[in-house]
Amino acid sequence: MSRNKIDDITRSHLLAESHDLDKNAIWDEIKHKIPRKKKRRRPFIILFGIGILILSGLLIINFIFNKDQNVILNDKANSSLKEIFVDKKNDSYEEGNPNSNLSHQMEIEEAITSWDANKEIVKNETSKESSNLDGVNRNKILKSILIDKYRAEQNFIKNRDVVINETEILLNNIGNTEFKNRKTSEFVTENKREPMETNVIDLKQPTLLEQHQDLLDSRALSQFPILENKLSEVYLENNKYPNILEYLAFSDDDKNNNDKAKFSIISFINYYNYNRFLDTNDQELSSYIENKKAKELKRFGSEIGLGLKYTMNNGINFGIGISKLQINERFIHSQVVGSTVQSVVSDTAKFRVVNGIRTYISGTLKEVTTTTRFIEHTNKHIFFSIPISAGYQKKFGNYLLTGSLQYDFNVSYNFKGYSFDPSNKLNTINSQSFGLSNRVTGLIGGNLSLGKQFSNRLSMQFTMNYKQQLGNIWIGDRINQSYRVLGAGVKAEFNL
Amino acid sequence: MDIDNCIKACQQYEASAQRELYDHYVDRLYNVSMRYSKDKHEAKDVLQDALIKIFKNIGQFSGPENKFLPWMNRIVINTALAKYNKNKKTVYSDFEHSNEDMSQDPVIYDKLELEDIKASMEKLPSHLKITFKLFVVDGFKHDEIASLLKIEASSSRARVSRARSILRKILSNENFLSCPEIK
């Protein structure tokens, strides 16, 4: 009786006992460890997604970034009005102008007769027929000024300043010259041009050499490929268990398998933005480099590759791989292909104050016309890279945080694009030897990844990469460049 | 979804059915786990391991619905005892003789509270406590207990008897059995 009673009371109490439990926490712990129908499909879905990602990357690379034909956008005639104060009687410059017969390249603009010392008189963007680089015109062009629009404008201002300065000097040296005083306001109001001085002021024209000094820059039109190296991936993985509970959930066979150091295969795709540092040892190419820097249209570089990684039990790992890098370069290059032509628009006069005396200096208003060609360059440079990495990975549950250091051997393989031959003629280039030297360069950088372990076999990570080139790549023997890149990408890792 | 269909869906590894089955039974399984664990932390560990085993092996269950809970209870108990067997350090004598005095038969038990029972149970040596719970609370037979604990069936009987005797002494010392008004 006593035995039954004590049994009954104990059973009834203990069976009625209940304890609070955080259901969701327990479920979160076990849901990834129990077999599920959907889980069986997941690797296929992930592999399918990876395939789509790879194909998308290839499509982007092949059909968008591979637009390797270059386009001559248009030719534009740029007319500038320039005040050149010369003695009209002795103005022999026009007669000796070798470009004076190129009337078809001239375009006379409306004369501006009022003088404004602070106003730059420039008119641009007048349509003009295309120029041909071949034949007689080509020789004439090469005899004329071959500079880009930017340089032409800069030199126009510079030359005018020279003229004005010389005018000042000459006026200052004419001590006995008598000038009639006239107020500026009267001149402007009446809009008359009345040469007041009795003496001829012989203002020097800029010399032909001075005007054509940028002819030296014609060599700058010889374009060379600009190299961009992109960097590959760092491979890091760890096979530690997220926590002891997960460890206990594995069978002994699984644990033995997971605890061993192991190899894994990594596939990755990266896209890069970059900063390029151009330099030259040739003074004549400086303007070309400045032009290219200023008119760069940023395009992303891309990289795709495979790697093999060895991971130790403590999370330290080492990797080696191979990747194909493609650098996509796009910029607008402008060159002056038409002659610089000067033609007299009208006579004019300039108000000056010399030694406290107000006076006018007679001169001619001339139009300067140049034709500029704009060329869109779309080049691609292909590299093969061998990345070697060492890193460490930490697991937070199923999430992976990885940091690593990497060194790349980067080999320039091919260049497809548009450039100039030594005679400045445009040519399309598709060559594995493009005058490159120092084809093999070193890159050092860092990598930070955040990802998720989907199963014992598969993980995916998003990565950020920063790399710095250690040495310069020489293009020909005059231009060199180095670069640093900041990129993002994805990688998938399959444990063997 | 009724339990029978839920079990069948779990045998097909349907995720939604697994969650439904989990929500339906987890509290009861946790109570069983608590009964054979030294603390909550160990009970949760046991519960997780047992649930993984249940969902992995649910395809082997072919009995009627009313046998499903006992089947899961047995897995939880097996998991807990496996941990117990792994961690136990003291070997107790299984041949202690019972000193039960059947003549004393107070009716005080009806007045006992859960906390009194639990406090008394905690004072039992662990091997006696587990054996007693297996036999009295969860209805295992002595030969089944012998198999689970890797002892002889006679030892199981002796343990249960010994546990009863000790419980009575404990309760007597706590004056639960000697209150005049109850007697």
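Since we're looking at a predicted model, the values are computed, not measured. Throughout, protein chains are lettered first and strands after them, A, B, ... in sequence-line order, and every chain is numbered starting at 1.
- Under the 4.5 Å side-chain criterion, counting only non-hydrogen atoms from C-beta, B:Phe132 is in contact with A:Thr10.
- Going from atom CD1 of B:Ile52 over to atom NZ of A:Lys31 covers 13.5 Å, rounded to the nearest 0.5 Å.
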Kindly indicate, with the supporting measurements, whether the criterion salt bridge (Lys or Arg N to Asp or Glu O under 4.0 Å) is fulfilled by B:Asp27 and A:Lys23.
-> CA-CA 8 Å; B:Asp27 287 332; A:Lys23 290 183 180 181; 3.5 Å; yes
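- Heavy-atom distances place the side chain of B:Leu47, and not its backbone, under 4.5 Å from chain A.
- In terms of non-hydrogen atom pairs under 4.5 Å with chain A, the most contact-rich of B:Arg35, B:Lys53, B:Lys133, B:Met121 is B:Arg35.
- For the pair B:Phe135/A:Arg11, no side-chain contact is recorded, criterion being any heavy-atom separation below 4.5 Å from C-beta on.
- Across every non-hydrogen atom of B:Lys56 and A:Pro35, the tightest pair is CG-CD, 3.5 Å.
- B:Tyr30 and A:His19 have perpendicular rings, their planes meeting at more than 60° on a 0 to 90° scale where under 30° would count as parallel.
- For A:Glu29 against B:Gln48, the heavy-atom pair with the smallest separation is CB-OE1, 3.6 Å.
- The candidate with the highest count of non-hydrogen atom pairs below 4.5 Å against chain A, out of B:Val32, B:Val136, B:Ile54, is B:Val136.
- Under a 4.0 Å N-O distance rule, the pair A:Asp22/B:Lys44 does not qualify as a salt bridge.
- In this structure, B:Asn31 and A:Glu17 have side chains that are not in contact, with every pair of non-hydrogen atoms separated by 4.5 Å or more.
- Interface remark: B:Arg19 contributes backbone and side-chain atoms alike to the contact with chain A (heavy atom separation under 4.5 Å).
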Go through B:Tyr22 and A:Ile26 one step at a time and tell me if the side chain to side chain contact (heavy atoms under 4.5 Å, CB included) criterion holds.
-> CA-CA 10 Å; B:Tyr22 169 86; A:Ile26 299 292; 3.0 Å; yes
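- The choice from A:Leu15, A:Leu21, A:Asp20, A:Leu14 that makes the most heavy-atom pairs within less than 4.5 Å of chain B is A:Leu21.
- Inter-residue side-chain proximity for A:Trp27 and B:Val26 is flagged as unmet; no heavy-atom pair is nearer than 4.5 Å.
- Here the CG atom belonging to B:Leu167 is positioned 12.5 Å from the CD1 atom belonging to A:Ile9, to the nearest 0.5 angstrom.
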